[in-house]
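Structure record follows, encoded as structure tokens.
A, B, ... follow the sequence lines: proteins, then strands. Residue 1 opens every chain. Everything quoted here is computed from the prediction, not taken from an experiment.
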2 protein chains.
Amino acid sequence: MPFHDMVNHGVMPVPVGLAIAAMPYRPIAEQGAGTHCAGCAARHTGLCDALADRDLPELAAAAQWRTIRRGALLMTEGDPARYFFNINHGTAKVYRDLPDGRRQITGFVTAGYFVGLGMAADYSASVEAVEDVRLCRFDRAALRALFVTFPSLERTLLVATGNELLIAQAQMLLLGRKSALERLASFLLAWIEPARLTGTRLPMGRGDIADYLGLTIETVSRNFTILRQRGLIAISTEQEITIVDCTGLTGIAIGAAA
Amino acid sequence: MPFHDMVNHGVMPVPVGLAIAAMPYRPIAEQGAGTHCAGCAARHTGLCDALADRDLPELAAAAQWRTIRRGALLMTEGDPARYFFNINHGTAKVYRDLPDGRRQITGFVTAGYFVGLGMAADYSASVEAVEDVRLCRFDRAALRALFVTFPSLERTLLVATGNELLIAQAQMLLLGRKSALERLASFLLAWIEPARLTGTRLPMGRGDIADYLGLTIETVSRNFTILRQRGLIAISTEQEITIVDCTGLTGIAIGAAA
DNA sequence: CGGACTGTTGACGCTTGTCAAAGCCGGTGG
DNA sequence: CCACCGGCTTTGACAAGCGTCAACAGTCCG
């Protein structure tokens, strides 16, 4: 449900992968993925979507299923980039830190997203699970070798990386030029299905939202209150959020004059 | 000479293409590129570097040489994305605007850079020449068709797009978390060769720097003065800039405590 | 010489950050 | 069942960094 296609001006554009509708829970520890790929619920939302069924085993040989607990790290900035990830379920935050502790979350990744697209020798950012995450982990070297046999893998990654770049451009506009209220409105429109009448619980806390929008926790909280008092959103005691006035919220998000 | 490899924290990472050393000026109007490719000064800095000499004619068939005057647009946000560009000389700015006129420059592109990497149906940003620009213009549809014959083209673009993404992440950290002084220091380190003793003239004006760093012209100007007064840089009357204290400037740029 | 453009500097105000405290909720243990 | 504790969120008072408005200086060019 997160990340909807909005108008161009800075409301976040479409994501790299579509969220999958539902994902039956199967208690998977750590194992090779070979036997699972064909019937995998993420069969057509991930990297494997680039291949035909008969070619899946070759890809599966380079992959492993993993479950990452909330708060655990998928990767750490500066470590050798051994793996490439494909999120199947859950949410993780991608971030960079400054030496004195200031943090910028450059993006949240959910089902269907790739992690590790920038192909440098070392990871360029840290990634931490915001809620429990299930994913497919690929060995980078093995994956690169498969590019020769299956150019469609490279095509899929090129499209995904290009989309990430567009999202990044929108986020630069947000961080460089939007007010706190405009940033929060943009964020909510990207994460909450506007037509949905029941409340949506965001997986990340106020601190993560602040680090994503380049603000402080207090400023985020104050602007939540402003949006609520103006009747644009509703917030339940369980922190479930509903968009009440989508038009008004969009107007704020794109920075329409006054 | 612009864009040097810095430490990780937020000083902009390496660019997608290396700047070429020198580029002899030839008054080229508008013509097919076929006869020029083999001897082109950008032969090994652009898209053509992905191909062997004997395969160049096929790529050249989809390309045209162009010269874009300072202030002219390469593309406009929202227009159908017919072309793909490879800069050979000069500097251009990539930007997005909000309806009320606020502008965010998401990047400057120089020799070796690709423009139009995010493969959407419409251009996602506007691009304007900051100084006269010479470039190779490719027809997108024709280029896509060549991907089948020459997968190495796709590989080159994937690497380039990945690098752009890393640069974008660094810029998000800059825009979201760095002070005005830290932003300017980061920018100067990316654009001026630190070891160079003679002054460097930046191709863009204060307004463009402000739009790139998410600041105003006045704030940029004030922080130039601060860096100069602290003895970190020198500025001649012709607006040529020299880095005097690279260590100190780097310390500010990465946000080292105090 | 005069006008346009770019860059610099100053005074002031507003948005946002900082510091502090209180409310709310869930979990734990008596 | 209730008291207590810890984390997260909200709210308030205040300060600081940056934006806004305005004036002025330097350069280019007619």
Side-chain angles (χ1 to χ4, degrees), chain A residues 70-71 93 98 100-104 130-131 174-188 199 201-230 233-241 252 255 257-258, chain B residues 70-71 93 98 100-104 130-131 174-188 199 201-230 233-241 252 255 257-258:
Chain A
R70 169 193 164 120
K93 58 185 177 190
L98 289 174
D100 64 359
R102 280 174 285 176
R103 170 168 297 179
Q104 180 64 41
V130 168
E131 52 185 349
L174 180 148
L175 292 170
R177 290 304 183 202
K178 288 188 182 178
S179 72
L181 196 65
E182 290 164 352
R183 295 182 200 198
L184 187 57
S186 302
F187 173 76
L188 292 175
R201 169 125 204 178
L202 297 175
M204 72 293 289
R206 296 287 185 270
D208 285 337
I209 297 175
D211 283 339
Y212 181 57
L213 299 179
L215 302 168
T216 60
I217 291 181
E218 295 92 329
T219 300
V220 170
S221 184
R222 275 184 247 274
N223 284 281
F224 262 113
T225 303
I226 292 174
L227 290 177
R228 182 167 46 76
Q229 287 175 343
R230 290 196 193 168
I233 63 171
I235 309 177
S236 75
T237 51
E238 300 87 1
Q239 289 286 341
E240 289 181 341
I241 300 170
I252 293 176
Chain B
R70 168 193 163 121
K93 58 184 177 190
L98 290 174
D100 65 358
R102 280 174 285 176
R103 170 168 297 182
Q104 180 64 40
V130 167
E131 53 185 349
L174 180 148
L175 291 170
R177 291 304 185 202
K178 287 187 182 178
S179 72
L181 195 66
E182 290 163 352
R183 295 183 200 198
L184 186 58
S186 301
F187 172 77
L188 292 176
R201 169 124 204 179
L202 296 175
M204 73 293 289
R206 296 287 185 269
D208 286 337
I209 297 175
D211 284 339
Y212 181 58
L213 299 179
L215 302 168
T216 60
I217 292 180
E218 295 91 329
T219 301
V220 169
S221 184
R222 274 184 247 275
N223 284 280
F224 262 113
T225 302
I226 292 174
L227 290 177
R228 183 167 45 76
Q229 287 176 343
R230 291 196 192 169
I233 64 171
I235 308 177
S236 75
T237 51
E238 300 87 2
Q239 288 287 340
E240 289 182 343
I241 300 170
I252 292 175

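Residue Arg222(B) places its side chain closer to dT20(D) than to any other of dT10(D), dT20(D), dG17(C).
Contact check for Leu181(B) versus Arg230(B): side-chain heavy atoms found under the 4.5 Å cut-off. Using a 4.5 Å heavy-atom cutoff, the side chains of Thr225(B) and Arg222(B) are not in contact.
Heavy-atom nearest nucleotides on DNA chain C were determined for Ser179(A) and for Glu238(A), and the one closer to the 5' end corresponds to Ser179(A).
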Q) Can you give one letter per nucleotide of nucleotides 24-30 of chain D, going 5' to 3': B for a protein heavy atom under 4.0 Å from the base, S for sugar-phosphate only, - for none? A) -------
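If you measure from atom CD of Glu218(A) to atom P of dC14(D), you get 17 Å, rounded to the nearest angstrom. Regarding Lys178(A), its NZ atom lies at a distance of 18 Å from the C1' atom of dT16(C), rounded to whole Å. Summarising the geometry, the separation between CZ on Arg177(A) and C1' on dT16(C) is reported as 16 Å, rounded to the nearest angstrom. Regarding Ile217(A), its CD1 atom lies at a distance of 11 Å from the P atom of dG17(C), rounded to whole Å. Atom P of nucleotide dG19(D) and atom CG of Asp211(B) are separated by 11 Å, given to the nearest angstrom. Taking atom CZ of Arg206(B) as the reference point, atom C1' of dT9(C) lies 14 Å away to the nearest angstrom. Rounded to an integer number of Å, the gap from CD1 of Ile241(B) to C1' of dG7(C) is 12 Å. Nucleotide dG17(D) holds its P atom 12 Å from the CZ atom of Arg102(A), rounded to whole Å.
For Thr219(B), no side-chain nitrogen or oxygen approaches OP1 or OP2 of dG17(D) to under 4.0 Å. Between Gln239(A) and the phosphate of dT10(D), there is a side-chain N or O to OP1/OP2 separation shorter than 4.0 Å. OP1 or OP2 of dT11(D) lies within a sub-4.0 Å distance of a side-chain N or O belonging to Thr225(A).
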Q. Can you list the steps and then say if Leu227(A) with Leu188(A) is a side chain to side chain contact (heavy atoms under 4.5 Å, CB included)?
A. CA-CA 11 Å; Leu227(A) 290 177; Leu188(A) 292 175; 3.8 Å; yes
Q: List the steps and the verdict of side chain to side chain contact (heavy atoms under 4.5 Å, CB included) for Phe187(B) and Leu202(B).
A: CA-CA 11 Å; Phe187(B) 172 77; Leu202(B) 296 175; 3.9 Å; yes
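The pair Arg102(A)-Glu182(B) meets the salt-bridge criterion, with a side-chain N (NZ, NE, NH1 or NH2) lying under 4.0 Å from an Asp/Glu carboxylate O.
Not one N or O on the side chain of Arg206(B) forms a donor-acceptor pair closer than 3.5 Å with the backbone of Ile217(B).
Considering every non-hydrogen atom in both Asp211(B) and Gln104(B), the closest pair reads O-NE2, 3.2 Å.
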